[in-house]
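Throughout, protein chains are lettered first and strands after them, A, B, ... in sequence-line order, and every chain is numbered starting at 1.
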Number of protein chains: 2
Amino acid sequence: MASSTEENYLKSLYNLANVQGEVNLSELAASLQVSLPTANSMVKSLQKSGWVIYEKYKPLTLTKEGKKTAALIIRKHRLTEMFLVKVMNFGWEEVHEVAEQIEHIHAPKFFERMDQMLGFPTVDPHGSPIPDPQGKITPLSYTPLAHAKPGQHVQLAALTNSSTEFLEFLNSRKLSLGTQLTILSKESYDQSMVVSYAHHPSETLSEKVCERLLVRVLD
Amino acid sequence: MASSTEENYLKSLYNLANVQGEVNLSELAASLQVSLPTANSMVKSLQKSGWVIYEKYKPLTLTKEGKKTAALIIRKHRLTEMFLVKVMNFGWEEVHEVAEQIEHIHAPKFFERMDQMLGFPTVDPHGSPIPDPQGKITPLSYTPLAHAKPGQHVQLAALTNSSTEFLEFLNSRKLSLGTQLTILSKESYDQSMVVSYAHHPSETLSEKVCERLLVRVLD
DNA sequence: CAAATTTGTTAGAATAGTCTAACTTTGTAA
DNA sequence: TTACAAAGTTAGACTATTCTAACAAATTTG
């Protein structure tokens, strides 16, 4: 069984996986905030345990086992976030830290109960998909708000970034998942967009924000 | 801040504390299932951190700080057990293992929310008192069933032992906290007792069981 | 393409927590 | 009160995870 540290490496590897599912050591080290040699030696040991495929100077890939293990940790993380928000009344900006700890708890029944109490949710409070109990994950197919056209009606469905600061920014604008927006205009100079939604007849969102908001196009 | 390992040492020390609040190294080592040298070296480091008072060949005592830290971990443990039973519908025999892990989570708000959702309980599912947020604990003042006299009416209030096996035994007899018992007789040969309670007109409980059941005398 | 930069590797060390083996103190009991 | 047993200590070693310093390979770029 993986230690918490190992679980964190697998999770990072899973989340960083690029087009080919390949990740550089440096990316991994940066994402975990450890030095390159630390990541290097850990990766060697993950390889010995059969979780990653690794050859000197080559990029890293998770094995099938590694992917599944990672997905199941992410499942626990997202289920926990959902539980904190729906059952324990946390704000969506408060749940990450706690979930980072609870995801390492070994107690299948605890997470099964959460799942059941939540009615088997498929996405977490930030719209990210929750892997199923087998570690299968259905990728999202939403569009960045930045790609929407003036006149379109869209609904906020997920975020590509869930940092506390961004979530607090969204709170301050009363933007939450499900909010329906009408795109009023797009400024070609800086790609910012002017949108309207309930009680907010005109709100300007920067390019950065528009890229982080994933929407479902309604018309 | 204490590591999980250190927290476990403090908790054991707190729970083992005898009359003088003194504990032997061997008791500690046995309770944590580590070797004597391991306990010895850990105790030295706990002393350096100001959590225990220790001198070569002398018994151990927790400092004020150590006691408070321990009580707050026990608070998290018991609050968690209560949450698992009352909110997540676990059986009282299933909660210990999970709580052993969750008690090490650092997330004040998480436990405050539990406390609030539970209506600020003062005892856990096994009748053990929950330390307050300052680490103060009110000791129980119940009587072992073994001390009750034939003819008395008592109510099951707490347990001195909460092992899974004992809890499953109680489940099998439909005995739970709050159950009112009438003591029918006590066998002087083996100290076993014959009691009656809802739907159980006559149930024999061994001395061992009677010593582990703490009751409130009703008349 | 050769230099510069980025990326990855090795070596060596530190800390936390654990162990076994060997030895010393303390406490008990004949 | 000496001898044995129980309890505690020391020394030395091991694993996991981390670091810095020094070096090597790969990649980028003028």
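The CG-P distance, from Leu25(A) to dA26(D), rounds to 14 Å in whole Å. In this structure, the OH atom of Tyr54(B) is 10 Å from the P atom of dG8(D), given to the nearest Å. Per the geometry, NZ belonging to Lys58(B) stands 20 Å off P belonging to dT24(C), to the nearest Å. Taking atom NZ on Lys48(B) and atom C1' on dT15(C), their separation rounds to 12 Å, with Å as the unit. Per the geometry, CD belonging to Glu55(A) stands 15 Å off C1' belonging to dA25(D), to the nearest Å. What separates CE of Met1(A) from C1' of dT15(D) is a distance of 17 Å, to the nearest Å. To the nearest angstrom, C1' of dA11(D) lies 12 Å from CG of Asn40(B). As a whole-Å value, the separation of Leu28(A) CG from dT9(C) P is 12 Å.
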Produce the list of close N/O pairs, under 3.5 Å, pairing protein atoms with atoms of nucleotides 17-21 of chain C; give distances to one decimal.
unit_1	atom_1	unit_2	atom_2	d
dG17(C)	OP1	Ser3(B)	OG	2.6
dT18(C)	OP2	Tyr9(B)	OH	3.3
dC19(C)	OP2	Ser35(B)	N	2.9
dC19(C)	OP2	Ser35(B)	OG	3.0
dC19(C)	OP2	Thr38(B)	OG1	2.4

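For dA6(D), neither phosphate oxygen OP1 nor OP2 lies less than 4.0 angstrom from any side-chain nitrogen or oxygen of Ser26(B). Listed pair Tyr57(A) / dT6(C) fails the phosphate criterion, with no side-chain N or O lying under 4.0 Å from OP1 or OP2. Within the 4.0 Å cut-off from OP1 or OP2 of dT10(C), at least one side-chain nitrogen or oxygen of Lys44(A) is found. Under 4.0 angstrom from either OP1 or OP2 of dA26(D) there lies no side-chain N or O belonging to Lys56(A).
With sequence neighbours excluded, the residues satisfying side chain to side chain contact (heavy atoms under 4.5 Å, CB included) with Pro133(B) are Arg75(B).
Counting all heavy atoms, side chain and backbone alike, Arg78(B) lies closest to Pro125(B) at O-CD, 4.4 Å. Residue Pro144(B) comes nearest to Glu211(B) through the heavy atom pair CB-O, 4.1 Å, listed as atom of the first residue, atom of the second, then distance. Nearest heavy atoms, Ser12(B) versus Leu28(B): CB-CD1, 3.7 Å. Here the closest heavy-atom approach between residue Val154(A) and residue Ala148(A) is recorded as CG1-CB, 4.3 Å.
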N/O donor to acceptor pairs below 3.5 angstrom from side-chain atoms of residues 160-173 of chain A, sequence neighbours left out:
unit_1	atom_1	unit_2	atom_2	d
Asn161(A)	OD1	Ser163(A)	N	2.9
Asn161(A)	OD1	Ser163(A)	OG	3.0
Ser163(A)	OG	Glu165(A)	OE1	3.4
Ser163(A)	OG	Phe166(A)	N	3.3
Asn171(A)	OD1	Trp92(A)	NE1	2.8
Asn171(A)	ND2	Glu93(A)	OE1	3.3
Ser172(A)	OG	Phe169(A)	O	2.5

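Side chains of Asn8(A) and His104(A): a donor-acceptor N/O pair is present below 3.5 angstrom, by distance only.
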